[in-house]
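Here is the structure we will look at.
To find a chain, count down the sequence lines: A is the first, B the second, and so on, and within it residues start at 1.
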Amino acid sequence: MPPKRKANFSSPSASKSKRDSRVSTPVSSAQKTTSDKSKDRDETAKGPGELSRLAANNAQRFDLTDFPYTLPPGITDIASAYFQPAQKRDFTDLALKANHQNLPLWIDGSGKITLENFHEKARRVQEFLIAVAEPTSRPRFMHEYKLTIHSLYAAVSAGLTTKDIVTTLERFSKNGLPPNIAEFITECGKSYGKVKLVLRNTKYFLETTDGALLQQLLKDPEISLCRVEGAEATRTSAPTIAGLAIPGTKEAAGMREAEGLNHGVVRRRRSGHSGMAEDIYALLNEDDDDADEHDITHAIEIKDDKVSAVAARCLALHYPALEEYDFRHDNVNPDLEIDLKPATQIRQYQEQCLSKMFGNGRAKSGIIVLPCGAGKTLVGITAACTIKKGIVVLATGSMSAIQWRDEFIKWTNIKPSSISIFSSDQKSTFAGTTGVIVTTYSMVTNTRNRARDAASMMEFLGSREWGLVILDEVHVVPAQTFRRVVGSIKGHSKLGLTATLLREDRKVDDLNCLIGPKLYEANWMELSQQGHIARVQCAEVWCPMPADFYDQYLTTSPRNRPLFCAMNPRKFQACQYLIKYHENRGDKIIVFSDNVYALEIYAKKLMKPFLYGGTSISERQEILDYFRNSPACSTLFLSKIGDTSLDLPEATVLIQVSAQYGSRRQEAQRLGRVLRAKRRHEDGFNAFFYSLVSKDTVEMVYSAKRQVFLVDQGYAFRVITRLKNIENTPGLAFATPEAEHDLLQKVLAESESSAWKKEEEKEAAGLLADGNMFYGRGGRAARKRGFRGHWSRPGL
DNA sequence: CAAGGCGAAA
DNA sequence: CTTATTTCGCCTTG
């Protein structure tokens, strides 16, 4: 920053002279030429402006900002980032109110809201904030929320007015609400709900009650390109909102039958905004929700594959085009006979998710974020039971598809013939006029030639209108090919479910247009305090590297570094120590290593079963059953096969030996593997999560990155630099210098061979490409390692 | 029906 | 400049 400013000062005409030099060759100031004359004329033309700018620059010269305080190298300053102008976190103009100590919020000009979570008013205000803003960080004491166009839309469609929002924020803020924020909220309110995306007769339409607005949108070049043909005007009646009960809620239960269920937690709730604090909502006017809706709607047809492009463009024009499905008045699509089983009672937060989705009596498309083990599936199924139309469920793998089908049968009264799986090994349809289809993303988005039955099944999927599309693990949807599901399956509403709405690329934002806005995000800490998910102790164990290892680590090529980090003998010992400690406590332990070589070495040395991608299906099942049932086996080693599509048995301890780069999602997903743990230990924790990190290596950086999401969820990572009494632990591996040396030689050999293999691969590919282009790219065969899951079973 | 090719994701 | 590496699922062949 300072150099930029310096440049500005030193020559206000510097950029100008550069511009001039392009026109004429530079001349000395002594020579007076025509070009100089024109320059003079230029200067006089904007003389006063130039002068004042010079003065301003001059003043800046004597500003302290031109003499920045720089930290000594190697020291990172976290705090000052908050006060950089780029962050718009300048609080200078925001005067504190006299009674600020009685108020829990800070609101700055960037739309960031900070909540003092320890404040006596925090609980009530929190419920309001969740309704109007998106939570971004919720550790123990200070919570951060962000006002966005989507969060405000959700608030408005749940019945709040923009005036309510502004006054309530103003009321609880320690500082006066910045004027730009009030303006932002009001402006957003004006454009909400004006434009809708609707599906009729398997065609998509952009619809509005404002004819002039539609004309304006049509003038946009991008939108007009996405249009099919002609505009039509249709008549609709304003929808009513009376009497919708979400199945599984207390109200619905009360309607069905009087059950002696726990009434301790029952709070008065009105349809639309259940569980919100009374005093904050006292000023709401429920009835003006649809009051000013016109009878005439104007619509244009949109090309199937351009739906998300139109949504994106509308959002950019500040007219978010959202999907709302008035399923109760849909007489075109046949009803599906599906209901939750009478005994089913959903939890309070699941109910909150659903009231966000069905807040105004229609089904809003969007995303619900719940941690693993918090019952995402049941939320999806309850949504399906509310809409009662044809349902498509998209899962990431065929295993997961089977689980979805089973869950549907477990929780609902759906006829087994009405639900079917469409995957590579099962291709059947439901019996009646409508039903539930569970399929996989790759099945639907496959572009290569299909098998005949798959093609006909796809034809069937694409030619119909579906009431609800449930997208499991919705964070995968922005991927290049998976995003095509949005165009190829026509759903009136879409519900995305995920535990971790995270990607390391910048594509998460696309989900706003592909699926819809985030409707609800659970607070992990809150759920664990309520006992719905486990309380987890997280720790990062720092393992120093022996000197000779570290030397090799420094000299090896960067590609081999992760191998050295994983094979660090101190790390191995830490792993061994932790396994021993927790096995003695009676825990079930899962060890993750993304490096398959390290995985094999660790598991074989410690005589534990291990499982990776190359393990055959039958052997996988055998190993998992063994781990699940045998008391003799309490530790299992897994590659990243365990991250997805493996129905892992319950574990209470998780040890991470090596991981892929800085993936926050992977870290959260792995922590999720112990969230189902129920057994409580005397120290109050149900489960443990250890991340083993080789000290002073790339792993330190990645590890910090990986933890960001969990830290925002309120998890605190304890750093352990030495494990208690590890030096006196008998039977540790690689305890002697010789053993350590042997290990180093092994690792060196492995890194050599993998490097060599790579070379050979490249060479082969090159030669083949040169010699005979029809062979294409070779080298895949060399990659496939032949060894199968090999393991020792002490008890069988 | 088992195995391998291939594309794609993270 | 867009890597690396492991894994999954679909489809085809013997």
Side-chain angles (χ1 to χ4, degrees), chain A residues 394-402 421-427 438-455 457-458 473-485 498 500 502-508 556-563 565-566 592-600 610-620 638-647 658-670 698 702 705-706 750-751 754-755 757-759 761-762 774-789:
Chain A
L394 287 152
T396 42
S398 52
M399 285 272 290
S400 162
I402 293 166
I421 291 182
F422 172 43
S423 69
S424 65
D425 29 62
Q426 287 182 65
K427 297 179 184 76
V438 187
T439 181
T440 62
Y441 288 104
S442 42
M443 197 75 225
V444 174
T445 55
N446 187 19
T447 42
R448 286 169 296 151
N449 20 339
R450 298 167 179 279
R452 221 178 298 106
D453 41 359
M457 191 67 187
M458 260 318 286
E473 309 292 343
V474 73
H475 56 263
V476 303
V477 172
Q480 190 80 57
T481 39
F482 285 179
R483 65 198 304 150
R484 277 199 293 259
V485 283
T498 181
T500 47
L502 290 171
R503 294 184 132 249
E504 301 310 321
D505 51 24
R506 284 238 46 90
K507 286 179 181 162
V508 237
T556 191
S557 82
R559 42 182 294 117
N560 284 325
R561 284 185 179 164
L563 177 69
C565 291
F592 273 105
S593 167
D594 275 10
N595 188 307
V596 180
Y597 176 79
L599 179 81
E600 191 190 359
F610 74 98
L611 216 150
Y612 77 111
T615 317
S616 71
I617 311 276
S618 56
E619 208 169 354
R620 282 180 201 186
L638 294 176
S639 71
K640 62 183 172 191
I641 190 177
D643 290 344
T644 49
S645 75
L646 201 62
D647 188 20
S658 86
Q660 76 170 29
Y661 304 103
S663 169
R664 294 166 295 167
R665 214 205 78 259
Q666 194 186 42
E667 190 93 342
Q669 200 130 30
R670 287 183 172 176
V698 280
Y702 289 137
K705 273 189 159 181
R706 295 167 64 80
E750 168 63 18
S751 63
S754 70
K757 219 177 267 172
K758 196 77 204 169
E759 280 304 302
E761 225 171 79
K762 266 187 193 153
F774 293 107
Y775 275 88
R777 300 189 313 119
R780 196 178 272 273
R783 214 190 295 159
K784 274 232 154 92
R785 297 259 221 50
F787 76 91
R788 300 195 93 78

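- Remark: the A:Ser423 side chain and the A:Asp425 side chain contain an N/O donor-acceptor pair separated by less than 3.5 Å.
- A:Ser663 comes within 4.0 angstrom of no nucleic acid atom, judged by non-hydrogen atoms across all strands.
- Applying the 4.0 Å criterion to OP1 and OP2 of B:dA10, one finds that A:Arg503 has a side-chain N or O inside that range.
- Residue A:Lys507 comes nearest to A:Gln480 through the heavy atom pair NZ-N, 4.3 Å, listed as atom of the first residue, atom of the second, then distance.
- Here A:Gln660 lies in heavy-atom contact (under 4.0 Å) with sugar-phosphate atoms only.
- Of the candidate nucleotides C:dT7, C:dA4, C:dG9, C:dT7 has the atom lying nearest to any side-chain atom of A:Ile641.
- Within the 3.5 Å criterion, the main-chain N or O of A:Gln660 finds a donor-acceptor partner in the side chain of A:Gln666.
- Contact between the side-chain N/O atoms of A:Thr481 and the OP1/OP2 oxygens of B:dA8 is not found at any separation under 4.0 Å.
- Nearest nucleotide to the A:Ser423 side chain, out of C:dC10, B:dA9, C:dT7: C:dC10.
- The side chain of A:Ser442 contributes no N or O atom lying less than 4.0 Å from OP1 or OP2 of C:dG9.
- Residue A:Ser424 places its side chain closer to C:dC10 than to any other of B:dA9, C:dC10, C:dT7.
- Within the 4.0 Å cut-off from OP1 or OP2 of B:dA9, not a single side-chain nitrogen or oxygen of A:Arg483 is found.
- The shortest distance between the side-chain N/O atoms of A:Asn446 and the OP1/OP2 oxygens of C:dG9 is not below 4.0 Å.
- Between A:Thr440 and C:dC10, a side-chain N or O to OP1/OP2 separation shorter than 4.0 Å is present.
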